[in-house]
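Contents: one structure, followed by commentary.
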Amino acid sequence: MEFAELIKTATVESVLLSGAGLPPVRGTLCITSHHLLLSSRPGGDGAPGTVELWLLIRNVDAVEKRVQNLGWYQPPRTNSSQRDTRLAGSSGTITLRCKDLKVLQLEIPGMEECLNVASSIEALSSVDSVMMMYPFFYRPQDLRLEAGWHLFPLEQYYQQIATQTSQWRLSGVNRDFAACPTYPPAVIVPAAVDDEALRKAARFRQGGRFPVLSYYHQKNGTVMLRSSQPLTGPNRKRCREDELLLGTVLDEGERGFIIDTRSAQAAKQARMTGGGTEPKSSYPRWKRLHRPLERGRPLQESFIKLVDACNDTSLTMDRWLSRLESCRWLSHVKAALSTACLAAQCLDREEACVLVHGAEGTDTTLLVTALAQLILDPGCRTLAGFQGLLEREWIEAGHPFHLRCARSAYSHARLKQEAPLFLLFLDCVWQLGRQFPFSLEFGERLLLTLFDNAYASSYGTFLGNNEKERCLCKVKESTHSLWAWLNQPEEKRKYLNPLYSRNALVIWPSVEPQSIQLWQGLFFRWIRSSKYLDEAWAEIQRLVENDDTSVEESAGNRRSQSLSDTAAQTENER
């Protein structure tokens, strides 16, 4: 397939661009393989006042078109026998609803041009081949292709654990992705369990996702594991190797908790189709707790309803509150935080090991394990630590970004695989940052950037559904890493929280309904201007940096004075 085949009209003059919070701009619209460009040059090339729209077509979630017909126009006959009949004064309006929730309107002169542009955008935005996406073509001059891909190796995380205990090892049982197609090549497992036992345990878990270490709690040596559901089925099948693996995790006399992110009824139904839960008779030292979290279509519908309500400016207060409640998005946020707090409480206060799983172990499981680590571990609350957490618990752990983020809240053709699990995680992180404004080194801007890049990006970090797919597509060899861009000094500065002060304590969020708030910075980002809030944060950052500079200068002056005094004393002694 060639991109040129999908572009019916590449350039249109005198197109009017408008959108919420944007002044109307008229200019030349160009469609390329991956971008929609609109350039306005009121004073000619290079003149001040040039306005450009640079929209990644992959970011388009839905295309809506409306044409107006003002009568037929028949030009005078020429020597050509072909008749040229056009619409006189015809025009069309294309509404682009983007995955980052932005809504843009293009008024295009000419009905044919309007239909061609809409058709071209629809076709280009629906290209599903990973290797045809923009990250494989993007080549910024200031970044090296290999930069950023190996900043957070699992080996480095394992070495931190190895300094505390010898009960765990780094296994290469999945180096060829044969044991589990959605796990990375290396996983952390109990040292007492060999690779052959791991392979047998993998065959007993859905998708081969056998229990692996997610987090080691240095305070008391407890651990959090994650997996998929066991394949016990209606006959309650057993797997000695799986029982051995989980039994090895617990010391003599210890008990552990299995947090199942499905309801008890859903888990029971899963057993009838080959899945199920760990039976008490086979796992006597593990207590199962059901904390149902929505995933899939119900969560996607909740997201759609919330965005629809936020865009409806005609709502009265009562109607707005009713719509907000009915979409149930904040209830999902509360449930996710509550379950993460339960996992953290088991580890920190009960001093018990935890296994988290749902059905597949790629969605709500990762939501809980990642949030629990943010609550417990101050290292995960730094900018670098948070990036490492995302690598371990979302990207390498096999969250299917390509499927879950294929469409956002505006799509008319919704697939059953779509679900904003990663957005729900980011919303929960925002809630933590709001309740503990000094404890996270990064701010809201980073979370918004991650949301945008998960759905449409110039970088390869969120491409594919797992490490196996990324290896087959040579993502790390052929695309740039988002982390390499974010960690450039000038970029990094934008994402830091100027109020940050390292907090070594566990941060227990309030999950009372009054404490959970709507993330206005995301859901109202393109509806209401954040100019004054941005200016306030910029001023805070400037003041903090000036204070830091003053402190450093003061310390430098004290050091210089001390050295001068020492030198003078030495000279006198001579």
Side-chain angles (χ1 to χ4, degrees), residues 6-42 49-68 91-127 133-134 303-304 306-314 405-413 423 448-449 451-458 520-531 534:
L6 305 179
I7 303 175
K8 294 184 177 180
T9 297
T11 306
V12 182
E13 299 289 343
S14 193
V15 174
L16 184 67
L17 166 71
S18 60
L22 295 174
V25 176
R26 191 176 296 277
T28 302
L29 181 72
C30 299
I31 302 177
T32 70
S33 303
H34 295 99
H35 286 90
L36 196 66
L37 311 175
L38 188 133
S39 178
S40 170
R41 296 183 172 86
T50 297
V51 179
E52 290 188 343
L53 166 70
W54 186 280
L55 178 68
L56 189 63
I57 294 180
R58 182 70 184 171
N59 189 20
V60 175
D61 203 29
V63 180
E64 299 169 1
K65 49 189 178 289
R66 186 179 72 252
V67 294
Q68 289 183 323
S91 65
T93 300
I94 296 176
T95 300
L96 301 178
R97 301 190 181 276
C98 301
K99 295 175 182 176
D100 63 1
L101 309 185
K102 183 188 299 180
V103 179
L104 299 171
Q105 280 195 339
L106 300 170
E107 292 187 21
I108 299 176
M111 183 180 73
E112 183 178 357
E113 285 81 357
C114 177
L115 295 175
N116 284 345
V117 168
S119 176
S120 302
I121 296 173
E122 285 176 336
L124 291 169
S125 65
S126 300
V127 172
M133 293 180 183
Y134 184 56
F303 178 37
I304 292 168
L306 175 59
V307 172
D308 185 50
C310 290
N311 287 334
D312 190 344
T313 57
S314 66
C405 301
R407 296 292 178 185
S408 186
Y410 292 124
S411 174
H412 301 306
L423 169 58
L448 295 173
T449 300
F451 167 69
D452 293 345
N453 280 271
Y455 280 87
S457 180
S458 301
Q520 298 183 34
L522 172 71
F523 294 106
F524 290 137
R525 179 162 46 150
W526 311 112
I527 301 170
R528 189 177 63 194
S529 173
S530 62
K531 174 185 175 183
D534 293 341

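Here the structure is a predicted model, which is why all the values come from computation and not from measurement.
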Check for a donor-acceptor pair, side chain of [X] on one end and backbone N or O of [Y] on the other, with a separation under 3.5 Å.
X	Y	answer
Lys65	Leu115	no
Trp526	Gly19	no
Thr9	Val117	no
Ser40	Gly27	no
Arg58	Ser458	no
Asp308	Ile304	no
Arg97	Ser411	no

Quick one: pull up [atom1] in [X] and [atom2] in [Y] and give me the separation to the nearest 0.5 Å.
X	Y	atom1	atom2	result
Gln105	Thr95	CD	OG1	4.0 Å
Leu29	Leu53	CG	CG	8.0 Å
Tyr134	Asn59	OH	CG	13.5 Å
Ile57	Ile7	CD1	CD1	7.0 Å
Glu113	Lys8	CD	NZ	13.0 Å
Tyr455	Asp100	OH	CG	11.0 Å

task = Verify the distance criterion only: is there a donor paired with an acceptor across the side chains of Ser18 and Arg26 at less than 3.5 Å?
result =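 Short answer, no.
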Specify the closest pair of heavy atoms between [X] and [Y], including all atoms of both residues, with the distance to one decimal.
X	Y	answer
Met133	His34	C-NE2, 3.8 Å
Cys310	Phe524	CB-CE2, 3.6 Å
Ser125	Val60	CB-O, 3.9 Å
Ser14	Pro109	O-CD, 3.4 Å
Asn311	Tyr410	ND2-OH, 2.7 Å
Asn116	Ser120	O-OG, 2.7 Å

Heavy-atom side-chain proximity of [X] to [Y] below 4.5 angstrom:
X	Y	value
Leu106	Val12	no
Leu96	Val63	yes
Ser126	Arg407	yes

Among Leu56, Leu104, Leu17, Ile31, side chain to side chain contact (heavy atoms under 4.5 Å, CB included) partner for Leu36 =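 Option passing the side chain to side chain contact (heavy atoms under 4.5 Å, CB included) with Leu36: Ile31.
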message = Once salt bridge (Lys or Arg N to Asp or Glu O under 4.0 Å) is applied, do any residues pair with Asp452, and if so which ones, sequence neighbours excluded?
response =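 Asp452 satisfies salt bridge (Lys or Arg N to Asp or Glu O under 4.0 Å) with Arg525 only.
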query = Parallel under 30°, tilted from 30 to 60°, perpendicular over 60°: which one fits the rings of Phe303 and Phe523?
reply = perpendicular
